[in-house]
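What follows is one structure encoded as structure tokens, with my remarks underneath.
Counting convention: from 1, in listed order, for ligands and their atoms alike.
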Amino acid sequence: MAGISVKTGDGKTATLSAEALDGLRGALRGAVCLPGDAGYDEARTIWNAMIDRRPAAIVRAAGASDVMQTVKLAAQHGLLLAVRGGGHNIAGNAVCEGGLMLDLSPMKSVRVHVAARTARVEPGAKLADLDKETQAFGLATPVGINSTTGVAGLTLGGGFGWLSRKLGLTVDNLISADVVTAKGELLRASASENPDLFWAIRGGGGNFGVVTSFELKLHPVGPQVLAGLVVHPFSQAKEVLAAYRNAVAQAPDEMCCWVVMRKAPPLPFLPPEVHGTEVLVLAMCHAGDLASAEKAAAPLRAIGKPIADVVGPSPFAGWQQAFDPLLTPGERNYWKSHDFLKLDDGLMDVLIDAVRKVPTPHCEIFIGHLGGAVNRVAADATAYPHRNIEFVMNVHTRWSTPSEDEKCIAWARQLYEATSKFATGGVYVNFMPEDEAQRVKTGAYGPNYERLAKIKGKYDPSNLFRMNQNVPPAPR
Ligand SMILES: Cc1cc2nc3c(=O)[nH]c(=O)nc-3n(C[C@H](O)[C@H](O)[C@H](O)COP(=O)(O)OP(=O)(O)OC[C@H]3O[C@@H](n4cnc5c(N)ncnc54)[C@H](O)[C@@H]3O)c2cc1C
């Protein structure tokens, strides 16, 4: 077999000889896929269909040794290297054009240590894999709200969802991680081993190495929790948002209630005449016992005159999948996000106006509910710095055909601009699209940026791990 041309990190081209490829194949437990090989298209296809890149070669890793071999080869030749966990990131950095892709999706084991209340999670595991294994023992750790998201990318950026107000971010529950650094060495990062690396990977994304195993703290949750949706007519949106603001200000940490504004999907519990019209949805989950949950949910459920209220006891692992049908892979997506300390009246007006102008029926605005335990951690305790915000807006712009790209992206950008004056200026790194490199320094990391750049300089001085929301290495 002939050698192949592979793009390098500095935009040039290197040749991987047939011998080098054979050597790699022989060293791996997993597979090397070239264009046309079985598995190649599956590995390069990610959640956001806007990203359609063709790596020169894909290593489908079976374990830490495969990761070490691949990183060493990439470093030796200065190759452009992309790392895929769950493949959900909106920016699409899991896959590169013409470079080498390291696909971790075959590594998906989750092992729960019940007595110690910990889980060992491989980087190809999805949230559903983690939830199913941990809930078998009535345990859980806070992760995101869409079960097909990868544990790896979510954790490395911070990670939050229904349990975070009670139990913190995913990174607040990270005990240790095995990290393959740019030298191809496997290091353990924890509070006592390589603590600088441990600090950096708790929010700093894939900048510092490839994580081959996450050790996460678990907590008793459910398995039944009180969760569900309250759907309001959009004509009442302003009143409902104002009442929501008051209700969540009093809510206990166990209660988490997000707002979703969009055109109603054809949900069986909604009257047919509501389908396709704008609605405001309060989506809630209580992480405690059912009696306390009913009490905590009451003020939120008493708001306005809803069209439907389907809040009730639900298996936690099932609730974790509640939004999956709206967030399926394969559509074109563009996101814009802001952090908020509070929900101003003026902000509500802008959001309501934007929902009335959605460019496609699949677009939606999510207002995530944070605070609680997340904000009881110091801003410099982990690389994730946004420890004072109460709400995060994520504008999910979603459509099917390239001909709609322009109008959809324009809608999201316009909404982002119009809501900027109400925002902190901070942004969750995991919600940033690929065209926001200018927001990494002050928006994503702010006061923690310089420290991150120094740690990057120590562990990855040549910026091998550059396919991410990149923190270039500070000179040493
Ligand atoms: C529909 C949807 C819903 C979401 N909901 C939430 C939510 O509720 N809460 C939340 O916090 N986030 C949420 N997110 C954002 C999510 O956290 C990010 O998209 C995250 O990056 C996804 O991780 P992944 O492993 O699937 O992604 P990937 O695209 O595979 O990876 C993301 C980045 O991390 C790097 N990376 C991946 N694995 C590793 C590894 N093992 N070692 C080093 N670097 C690695 C990649 O190179 C890439 O730069 C959501 C995303 C989607 C698409």
Atom indices of ligand 1 within 4.0 angstrom of [X] heavy atoms, with elements:
X: Met467; result: 47 (O), 49 (O)
X: Gly87; result: 24 (P), 26 (O), 27 (O), 28 (P), 29 (O), 30 (O)
X: Val210; result: 42 (N), 43 (C)
X: Trp47; result: 1 (C), 53 (C)
X: Asn468; result: 49 (O)
X: Asn93; result: 49 (O)
X: Gly209; result: 42 (N), 43 (C)
X: Gly144; result: 7 (C), 8 (O), 9 (N)

Tell me the protein heavy atom at minimum distance from [atom], and give that distance in Å.
atom: atom 45 (C) of ligand 1; answer: Leu156 CD1, 3.6 Å
atom: atom 26 (O) of ligand 1; answer: Gly150 N, 2.9 Å
atom: atom 37 (C) of ligand 1; answer: Gly85 N, 3.6 Å
atom: atom 11 (O) of ligand 1; answer: Tyr428 OH, 2.6 Å
atom: atom 19 (O) of ligand 1; answer: Asn89 CA, 3.2 Å

With respect to [atom], which of [options] exhibits the smallest heavy-atom separation?
atom: atom 42 (N) of ligand 1; options: Thr149, Val180, Val211; result: Val211
atom: atom 36 (N) of ligand 1; options: Asn146, Ile51, Val83; result: Val83
atom: atom 10 (C) of ligand 1; options: Ile145, Leu104, Leu154; result: Leu154
atom: atom 53 (C) of ligand 1; options: Arg84, Gln469, Gln320, His88; result: His88

* Asked: Any ion pair linking Lys336 and Glu436 (charged N to carboxylate O, less than 4.0 Å)?
  -> yes
* Under 4.0 Å between a Lys/Arg side-chain N and an Asp/Glu carboxylate O for Asp172 and Arg387? -> yes
Distance-only side-chain donor-acceptor flag, [X] / [Y], under 3.5 Å:
X: Tyr384; Y: Asn448; result: no
X: Arg398; Y: Thr328; result: yes
X: Asn173; Y: His219; result: yes

Classify the angle between the aromatic ring planes of [X] and [Y] as parallel (below 30°), tilted (30 to 60°) or perpendicular (above 60°).
X: His338; Y: Phe340; value: tilted
X: Tyr244; Y: His369; value: perpendicular
X: Trp162; Y: Trp319; value: tilted

* Hey, which of Arg60, Lys108, Arg44 is the one that makes salt bridge (charged side-chain N to carboxylate O under 4.0 Å, His left out) with Asp103? -> Arg60
Ligand 1-proximal atoms of [X], by part, heavy-atom distance under 4.0 Å:
X: Thr148; result: neither
X: Thr170; result: neither
X: Phe465; result: neither
X: Trp335; result: side chain

* Report yes if some heavy atom in the side chain of Met255 is under 4.5 Å from a heavy atom in the side chain of Leu300; otherwise report no. => yes
* Asked: Between Arg262 and Glu364, is a salt bridge (charged side-chain N to carboxylate O under 4.0 Å, His left out) present by the stated rule, with each step listed?
  -> CA-CA 5 Å; Arg262 56 167 293 135; Glu364 59 195 4; 2.6 Å; yes
* **Within-shell test, Gly159 vs ligand 1, heavy atom, strictly < 4.0 Å** => yes
* Is Phe431 in contact with ligand 1, taking contact as a heavy-atom separation below 4.0 Å? -> yes
